[in-house]
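Any value given below was found using the heavy atoms of this structure, including those in side chains, with hydrogens, waters and symmetry copies removed. Remember, predicted model here, so these are calculated numbers, not experimental data.
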Amino acid sequence: MAEKMLVVISSYLLMTIYNLAKVKKMALRDKLAYGATVIASIYLGIEYVGELGMPVLHDLASWLFKDLAHPIVEYLNKTS
């Protein structure tokens with residue numbers, strides 16, 4: 001677990017140092033998109049380090065789009 005924490009923390013530290021000047025110059029829309037990406041990656045980093053069994057983004061996307069995707073899959077299975 002300590003090795004995983006070291007990898008995640010060093011990755012975020014390097015990412016922050018590299019992007020700090022660039023983020024200051026970004027437009028608000030770009031900052032929001034960057035922030036959302038960082039928040040998602042922090043969530044996945046916590047899941048990776050802690051092995052908590054929390055729902056990952058794939059599970060969330062599956063839950064959100066299952067009703068939409070089901071008719072599409074049925075249609076594709078009928079035509080093939």
Side-chain angles (χ1 to χ4, degrees):
M1 184 170 166
E3 296 164 351
K4 290 181 179 182
M5 284 177 69
L6 181 64
V7 168
V8 170
I9 290 171
S10 62
S11 297
Y12 282 110
L13 182 64
L14 291 172
M15 181 181 74
T16 302
I17 292 169
Y18 180 76
N19 289 326
L20 194 58
K22 294 178 182 182
V23 171
K24 289 181 181 177
K25 297 176 185 177
M26 287 182 185
L28 178 62
R29 183 173 146 190
D30 296 333
K31 286 181 184 179
L32 291 174
Y34 180 76
T37 305
V38 169
I39 289 170
S41 69
I42 288 172
Y43 173 80
L44 292 173
I46 291 169
E47 168 64 26
Y48 171 70
V49 170
E51 297 176 4
L52 303 174
M54 300 179 339
V56 291
L57 297 176
H58 177 344
D59 296 333
L60 179 63
S62 175
W63 178 76
L64 284 173
F65 298 115
K66 69 180 174 185
D67 294 333
L68 178 64
H70 187 67
I72 295 171
V73 171
E74 284 182 357
Y75 174 75
L76 291 175
N77 285 337
K78 287 180 185 177
T79 58
S80 54

>> I'd like to know if V7 and M15 are part of one continuous hydrophobic network [Ile/Leu/Val/Met/Phe/Trp/Tyr, side-chain heavy atoms within less than 4.5 Å].
In response: no
>> Once rounded to the nearest 0.5 Å, what's the spacing between atom CG of L76 and atom CD1 of I72?
In response: 7.5 Å
> How does the hydrophobic cluster around L20 look, that is, which other residues are in it when side-chain heavy atoms under 4.5 Å mark a link?
Replying inline: none
Quiz: residues 26-38 side-chain donor-acceptor pairs under 3.5 angstrom, not counting sequence neighbours:
unit_1 : atom_1 : unit_2 : atom_2 : d
Y34    : OH     : N19    : ND2    : 3.0
T37    : OG1    : A33    : O      : 2.9

> With V49, which residues qualify under side chain to side chain contact (heavy atoms under 4.5 Å, CB included), at least two apart?
Replying inline: M1, K4, M5, V8
> At what distance, to the nearest 0.5 angstrom, does OH of Y48 lie from OG of S41?
Replying inline: 14.0 Å
>> Tell me whether W63 shares a hydrophobic cluster with L68, the cluster being built from Ile, Leu, Val, Met, Phe, Trp, Tyr side chains joined at under 4.5 Å.
In response: yes
>> Please enumerate all residues that pass side chain to side chain donor-acceptor pair (under 3.5 Å) together with K22, with sequence neighbours excluded.
In response: Y18
>> Run the side chain to side chain donor-acceptor pair (under 3.5 Å) test against T16 and tell me which residues pass, sequence neighbours left out.
In response: none
